[in-house]
Amino acid sequence: MLFNSIHFIFFFVIVTTLYFVLPYRLRWFLLLVSSCYFYMAFVPVYILILGFTIVIDYFAGILIEKSEGRKRKFYLIISLIANIGVLAVFKYYNFINDNLTFLLQEFGIDNPIPYLSILLPIGLSFHTFQAMSYTIEVYRGHQAAERNFGIYSLYVMFYPQLVAGPIERPQNLLYQFRKKFDFDYDRVVDGLKLMLWGMFKKVVIADRLAIYVDSVYNNPYQHHGISFALATFFFAFQIYCDFSGYSDIAIGAARVMGFKLMTNFNRPYFSRNISEFWKRWHISLSTWFKDYLYISLGGNKVSIPRWYFNLFIVFLISGLWHGANWTFIIWGALNGFYLVFAIATRKFRDKLNKLSGIDRVPWLNQTFQILTAFVLTCFAWIFFRANNVSEAFHIVSEIAKFNGPVFYDSISVISFTVLCVVMLLLVELKMEYYKGKFSFFNNRNVIVRYMSYATLIIILLLMGVFDGGQFIYFQF
Amino acid sequence: MFSRTLSRVKKYPVVYFLFKLFLFAVLIFMLDYGIGSLLRHFYFTQKSGFQYLTTYSMEQTEAKLLVFGSSRANHHYIPDTLEKYSNSSCYNVGRNGASVFYHLAVLKSILKRYTPEAIILDFTRIELEERASSYERMAALLPYYKDHPEIRSIIELRSKYERIKLLSEIYPYNSTIFSIIVGNMTFNKKRKEDFKGYVPLKTTMDSLGKGVLKEEKEAGLDSLKVNAYREFLLLCKESNIKLTVVCSPYAYKAEGSGVSLLTGQKIAKENGIEFLNYSEDSKFINNFNLFTDKNHLNYKGAEIFSQIIGERLTK
């Protein structure tokens, strides 16, 4: 079920109403049943895969807690193998097989391994990572094993964040399923406001930008450099609004019922460097990799070359997490390279800043840093969005030529698209630099407040793309 | 009085919430109605542009020969040329991105007013294939939902929630505000000469376009489209309209099984309707001077093709 559908509006109203009507002890059961329904609205049979990992991890958690020494590690490994195994089969099998076929062809050998004709279960990487974080935290002793099978299942399947996160930690979410949340007017309204803003970002901005981006990126040999540059610029905002819009709806929907999910985005395009970008972009995934992979590899408490290696490998795996395609691996590698390069050249860049005198003009320095980080991010997005590696390199070479003409389907489409980016930038600028000032949605004056929400809904009806596709991150 | 009631209601958060929600719903309803009515007014006062052409096709034209189809129909058939051969008035009701659903809806609206003598239905290679975009593009019909009950069942094919969406007065005019503004401006009417619905394409395929002649991956048949196509043919037959289905020229040869084209031909044959296939005609295939892009003839190509069709119709 898509958040940007009428189906979801009905679902949300019914589930939320029942949630507040039912006695506390039955609420987790309602949420579990509705989460199953939510997931089965995509491809019903895939709930069995989810069920498989839930059973394994539930028992693994209990066994890890009960055991000591090597046995604990053994059960953890079983759980990790089950989770990564499911990911490997459903997400990476055909990709690996594809590359094997290519390699064998170089030697004139036919690949005897058959391809699997399967669809990738929606949001597989998200709930697998959430499930893994549970067993790891039980192993580390930070979380007690959950004895109630239903509540553990709900931890993995909680519908607001089931298919595209935020990827929660058990310490933050599990206990909330036992908490008694009453109907709180302010909290409910806050949640609904966040949902409305998320819907606006998705339906009005992301899906509108997608029309231009798809036209250009899906026909790479029919366009020129400036069109690619413009499409890449638009894509940066499209993916941000698509994914952060989803997160806002998820966090808002959970908030209405009383649950507090972690923040996933914090205006990432105002980052002054790539390291800061990753502290503001997809925070739940970045912290997952930091907590469970980067630190396990030794983090920065190792030799400098090893530290660089740790950083690079984490981003390479993060790229692979996003999709079974070389484009994502290159995207991850690029981000890893940016970070390592930034650390390695920090002293030199500081000297250069002092010599040029730019550090004495803070606003100019900051603007320059934000723009540099944005351009580097956009360059990496080319690989993320391109359909394959050769098209990505073609697009890069066309952008380097920076020639015209600029593609536009109609004045109407391009006007809407530009308007969307301007609207977003104004809101984000206000939130980043003028917090508390010019407040519309939280204005004390009830008329201003009401008119602000109403304007958002009217723009949604006027400019929203109601035939837009699913959320980009569902495929991961 | 009101504030006292409000403060009393505040003690019950659920009631307070529902009360505020009701007030907000009333505000949205009023805004939606007001803005929607304004958009509706200006939508139908347009004097140029593609939306005006649709309104004219559905509500005003009385031409004896009509050309139906997508952008390919719109850019391939010149009414002035066809009129010379048929000795009757002609209008091109083709529209960019239109599918067989759109053709059927426009035909139903026209038949409510009058019966044309002849119709040319341009059939694309992918006409009956399953494509989500065909349903999305039916949005062009939404402004006519209210006043044209005969097309409602077609519009409702867009999604099972279409009726609910259409409770909004703004929704039918979604994404059209800029086109409505431009369509009401006199400069646009002066800028865009009206060739009885036909829109000429002036450019010629450049080398970049020639390099990419690949067709979109073939999809399976869409049973709803097949039904709509059958209904179009039957309506013409029942109304004694001389219908000719034409697959106009492409710049390149087709890949795939051609299931859509074969089905279109088969159904036409079953109904005793002539189906002319020019999709791989030797005069046009690989003759890039006559095309603007891989799917569309430019005005030079359209002139040649319209003459061919005109001659054929007089036989």
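The sequence lines fix the lettering, A, B, ..., with proteins before strands; numbering per chain opens at 1. These numbers come from the heavy atoms of this one structure, side chains and all, not from hydrogens, waters or symmetry mates.
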The reported gap from CD1 in B/I170 to CG in A/L460 (rounded to nearest 0.5 angstrom) is 10.5 Å
Would you mind checking which part of B/L39 comes under 4.5 Å of any heavy atom in chain A, side chain (CB onward), backbone (N, CA, C, O), both or neither?
side chain
Can you spot which of B/D32, B/L31, B/N174 makes a side chain to side chain contact (heavy atoms under 4.5 Å, CB included) with A/L461?
B/D32
Give me the atom names and distance for the closest heavy-atom approach of A/G464 to B/S175.
O-OG, 4.0 Å
A/Y453 and B/F24 aromatic ring geometry - parallel, tilted or perpendicular at 30°/60° bounds:
perpendicular
Does atom CG of B/L167 have more than 12 heavy-atom neighbours, drawn from other residues, nucleotides or ligands, at distances under 6.0 Å?
yes
In the structure I gave you, are the side-chain heavy atoms of B/L27 and A/Y450 within less than 4.5 Å of one another anywhere?
yes
Spell out the residues in residues 186-193 of chain A that have some non-hydrogen atom less than 4.5 Å away from a non-hydrogen atom of chain B, in order of number; otherwise answer 'none'.
A/V188, A/V189, A/L192
So what's closer than 4.5 Å to chain B heavy atoms on A/L462: side chain, backbone, both or neither?
both
Around atom CZ of B/F17, are there more than 12 heavy atoms of other residues, nucleotides or ligands at under 6.0 Å?
yes
If every non-hydrogen atom of A/Y185 is compared with every non-hydrogen atom of B/K20, which pair is closest and at what distance?
OH-CD, 3.4 Å
Tell me if the CZ atom of B/F44 is crowded by more than 12 foreign heavy atoms within 6.0 Å.
yes
Would you give the length of the straight line joining atom CD1 of A/I457 to atom CD1 of B/I28, rounded to the nearest 0.5 angstrom?
4.0 Å
Exceeds 12 heavy-atom contacts within 6.0 angstrom, atom OH of B/Y33
no
